[in-house]
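The next block holds one structure in the form of structure tokens; read it before the comments.
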Amino acid sequence: MVRVRFAPSPTGTLHIGGVRTALYNYLLARKLGGQFILRIEDTDQTRYVPGAEEYIIEALRWTGLVPDEGVGFGGEYGPYRQSDRKAMYAEYAQQLIERGNAYYAFDTAEELDQQRSSTENFIYGSSTRMGLRNSLALSKAETETLLANGTPAVIRLKIDPGQSILINDLIRGEVVFQSDELDDKVLLKTDGMPTYHLANIVDDHLMKITHVIRGEEWLSSTAHHVLLYRGFGWEDTMPQFAHLPLIMKPEGNGKLSKRDGAKFGIPVFPLAWVSDDPEQNAPGFRENGFVPEAVVNFLALLGWHPEGEQEIFTMDELISAFSLEKISKGGARFDYEKAKWFNQKYIQAMDNVALANIIRPYAESKNYTATEDFLVKVAELMKERVTFVQDFTETGYYLFEKVRIYDADTVAKKWKPEVKPVFSELTSVIEQCSDFSAAALEETVKTFIHDKALKPGDILPLLRIALAGTMKGPAVFDMAAMLGKTETVERLRLFENV
RNA sequence: GCCUCGUUCGUCUAGGGGUUAGGACGCAUCCCUUUCACGGAUGAAACACGGGUUCGAUUCCCGUACGGGGUACCA
């Protein structure tokens, strides 16, 4: 049984790379009929941000990556929040000490800083630990006294020199580390909380995780994790590792960071983050007008590509096509233009009724009165010309209200003195139409143009400007039919009098 | 610095010892349409470099360069 987990830290928003990690975990779980688990890694109490946990859950729901187990989703392996598991980590750390694979260390932060600045390439390990303040260097009596006095102590992993640690990464293949280069990582902090390394191994073991799919930033600490599994005697059930390439900045060097949203004017979060501190607030894909399916599709293909040349995938298609082996090794640059293209494609392909439901809240927020039928019609006429969901009511505002400004260039070019009376006449003709369908209108107007010995180009642009104010948009007769006779004639008269 | 991972069009990528190196986004031109978009067609655009191995390397190996990540009582 495959069991995977997404284990974010609730330090604020989830960034888009985190969503992709969740997605790949989810896809693998669904593909292999396993479980997808949400675990909250809040072992750093100083970095806890209120609301972050709720944000993470909402983001997963929005993208459709709903966990089978985890914080907020139940399950038999809980609790799924690490702060709620605090007591058990101390017990496991203790167990490691008893097995001779960990030890107490009493060095203060200042002492360690000093070591790092005075010794080049200092590592807290087999070559240095006997000169430091820990239970390996101190006598048993000294150690017991220090502990009895309540001296702040951490528990460190004891790494023996001379070992090669081989990791068989599902994406990268074999990666080897030498234990001499590894430091004796802190496992349990002075506040009694575990570090990521300890909590991660204990939880993955207890939660029966089979595959650890996480960002590449974890690759270099994986050797420590393997040693921890060995230390506990759990190596035979150790999960398999898959380290994902990172998502890079759209321009320049480095991985995509939370600050890049503001810097490049693009969303880097699934949902907007709104907090007490306006400095921290940032827009999200949802608020910028993306549909979740498009975001998922875009993210799925950022660093992964199945056989074939298909680009548009439903979630089910992603699930059946997914495999870890097809994940790229190199980092992928975040391409906002491509994200926009996916969104446009999804909107285009969407059912008009479904789109009407998406448009409705935008229309309501602008106090537009629009019936279901009207919104469906808006969807039909506009969906081939929008990129974002708010474009229906923004660039297509003229479908909901009177024209705000008339395109000056077109007016200057087409609104000639001699056509003005003809235009009035046409308005009257339109007013007389009994059949206000697009086809009938077109027939009427074209006959009129023909009878007046005019060209379509003399009249049609003016009709468009009168109705929409711009030379962009749906077919004129479709718009007129949708607006109805009263509104159409009103707009034509309004335009004549400008 | 040390450890570690990577490198095919501007971007996301396919491919893989012998290919006209394929697709997508973006860009350009044209067609459709007397609007815009959609759609269609066409085009410009890539195997980082140097050594091997080989009859033959973009593909395999080794270096170099460049880039990423790690190097905390953060995750």
Side-chain angles (χ1 to χ4, degrees), chain A residues 7-11 41-47 82 105 107-109 112-113 116 120-124 152-156 167 169 171-173 175-178 180-183 185-197 199-200 214-223 243 245-251 253-255 298 301-312 326 328-342 344-345 348 381-387 395 407 410 455-461 463-465 468 470-476 479:
Chain A
S9 182
T11 54
E41 309 226 325
D42 58 344
T43 53
D44 187 351
Q45 299 172 323
T46 63
R47 296 211 307 161
Q82 291 183 330
D107 318 83
T108 64
L112 293 175
D113 283 346
R116 291 192 182 100
E120 216 169 311
N121 294 335
F122 172 80
I123 59 167
Y124 202 122
V154 299
I155 293 177
R156 284 183 182 270
I167 293 148
D169 191 277
I171 295 170
R172 282 152 216 287
V175 182
V176 185
F177 292 89
Q178 300 305 322
D180 305 65
E181 285 149 0
L182 268 25
D183 65 333
K185 283 257 179 286
V186 170
L187 265 21
L188 201 73
K189 303 184 257 188
T190 48
D191 65 359
M193 281 297 238
T195 57
Y196 170 85
H197 308 291
N200 180 259
R214 72 224 309 191
E216 196 187 354
E217 68 266 31
W218 295 109
L219 183 58
S220 37
S221 48
T222 305
H243 288 95
L246 268 15
I247 296 178
M248 317 300 286
K249 292 178 196 296
E251 291 165 37
N253 298 146
K255 66 170 174 174
F298 164 65
L301 260 30
L302 201 56
W304 169 77
H305 199 281
E307 304 258 351
E309 289 177 347
Q310 187 177 347
E311 296 270 344
I312 304 292
K326 302 293 283 182
S328 318
K329 297 183 179 76
R333 222 174 256 279
F334 182 89
D335 183 0
Y336 191 55
E337 290 304 317
K338 190 90 176 226
K340 280 157 65 176
W341 176 78
F342 275 110
Q344 188 189 35
K345 287 298 238 187
Q348 252 179 59
L381 295 194
M382 290 298 289
K383 71 178 180 183
E384 308 252 287
R385 26 205 134 223
V386 301
T387 302
T395 62
D407 179 67
T410 311
K455 288 179 201 153
D458 297 327
I459 294 297
L460 264 25
L463 280 179
R464 168 176 300 285
I465 292 294
T470 164
M471 287 307 289
K472 299 177 176 181
V476 235
M479 281 196 287

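Note that this is a predicted model, so its numbers are computed, not measured. Proteins come first, then strands; the chains are lettered A, B, ... in the order of their sequence lines, and each starts at number 1.
Among the heavy atoms of the strands, none lies under 4.0 Å from A:Phe334. Nucleic acid contact class of A:Met382 (heavy atoms, under 4.0 Å, all strands): none. Using a 4.0 Å heavy-atom distance criterion, A:Arg172 is classed as a sugar-phosphate-only contact. Nucleic acid contact class of A:Gly457 (heavy atoms, under 4.0 Å, all strands): base. Among the heavy atoms of the strands lying under 4.0 Å from A:Glu311 is at least one base atom, whether or not backbone atoms are also near. Nucleic acid contact for A:Pro474: base, since at least one base atom lies under 4.0 Å from a heavy atom of the residue. Among the protein residues, A:Asp180 comes within range of no part of the nucleic acid, since none of its heavy atoms lies under 4.0 Å from any strand. Among the protein residues, A:Ala105 comes within range of no part of the nucleic acid, since none of its heavy atoms lies under 4.0 Å from any strand. Residue A:Gly303 is in sugar-phosphate contact alone, with no base atom involved, counting any heavy-atom pair closer than 4.0 Å across all strands shown. A:Glu307 comes within 4.0 angstrom of nothing in the nucleic acid, heavy atoms only. Within the nucleic acid shown, A:Asp44 comes within 4.0 Å of sugar-phosphate atoms alone, with no base atom in reach, counting heavy atoms only. Using a 4.0 Å heavy-atom criterion, one finds that A:Lys249 contacts no nucleic acid atom at all. Counting any heavy atom pair closer than 4.0 Å across all strands shown, A:Thr470 reaches no nucleic acid atom. Contacts of A:Glu337 with the nucleic acid, taken as non-hydrogen atoms under 4.0 Å apart, involve only primed sugar atoms and P, OP1 or OP2.
The separation between A:Arg333 atom CZ and B:U11 atom P is 7 Å, rounded to whole Å. In this structure, A:Gln310 places its CD atom 14 Å from C1' of B:A14, rounding to the nearest Å. As rounded to whole Å, 15 Å separates atom C1' of B:C3 from atom CD of A:Glu120. Rounded to an integer number of Å, the gap from A:Glu251 CD to B:U11 P is 11 Å. Distance, A:Glu217 CD to B:U71 C1': 14 Å, rounded to whole Å.
Using a 4.0 Å cut-off, no side-chain N or O of A:Arg464 falls inside it from OP1 or OP2 of B:C36. Under 4.0 angstrom from either OP1 or OP2 of B:C38 there lies at least one side-chain N or O belonging to A:Gln344. Dashed line: the shortest gap from a side-chain N or O of A:Arg156 to OP1 or OP2 of B:A72 is not under 4.0 Å. Phosphate contact (OP1/OP2 of B:C74, side-chain N/O of A:Lys189, threshold under 4.0 Å): present. OP1 or OP2 of B:A75 has at least one side-chain nitrogen or oxygen of A:Thr43 nearer than 4.0 Å.
Partner assigned to B:C36 is none, using Watson-Crick or G-U wobble distances below 3.5 angstrom. Both distances falling under 3.5 Å, in either a Watson-Crick or a G-U wobble arrangement, occur for no nucleotide opposite B:U54. Nucleotide B:U11 is matched to B:A24 when pairs are restricted to Watson-Crick or G-U wobble geometry with both distances under 3.5 angstrom. Nucleotide B:U64: paired with B:A48 (Watson-Crick or G-U wobble, both distances less than 3.5 Å). Pairing for B:U29 is with B:A41, a Watson-Crick or G-U wobble pair whose two hydrogen-bonding atom distances lie under 3.5 Å. The base-pairing partner of B:C2, taking Watson-Crick or G-U wobble contacts with both distances under 3.5 Å, is B:G70.
For the C1' atoms, the distance from B:C31 to B:C49 is 44 Å, rounded to whole Å. Taking atom C1' on both B:U11 and B:G26, the two are 8 Å apart, rounded to the nearest angstrom. For the C1' atoms, the distance linking B:U58 with B:A21 amounts to 8 Å, nearest Å. Across the C1' atoms, B:C9 and B:A44 are found 10 Å apart, a figure rounded to whole Å. For B:U8 and B:A14, the C1' atoms lie 10 Å apart once the distance is rounded to whole Å. With P as the reference atom, B:A48 and B:G43 are 25 Å apart, rounded to whole Å. Taking atom C1' in both B:G40 and B:C32, the straight-line distance is 8 Å, to the nearest Å. Look at the C1' atom in both B:A57 and B:G51: the space between them is 13 Å, to the nearest Å.
Atom OH of A:Tyr124 is separated from atom CG of A:Asp107 by 3.5 Å, given to the nearest 0.5 angstrom.
Toward the 5′ end of RNA chain B lies the nearest nucleotide of A:Lys185, the other residue of the pair A:Lys185 and A:Gln82 mapping further downstream. Comparing A:Leu460 and A:Ser328 by the nucleotide of RNA chain B whose heavy atom lies nearest to each, the residue mapping closer to the 5' end is A:Ser328.
Ion pairing between A:Asp44 and A:Arg47 holds under the 4.0 Å rule for side-chain N and carboxylate O.
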Intermediate values then yes/no, ring pair (Phe, Tyr, Trp, His ring centres under 6.0 Å), A:Phe298 and A:Tyr336: CA-CA 10 Å; A:Phe298 164 65; A:Tyr336 191 55; 8.2 Å; no
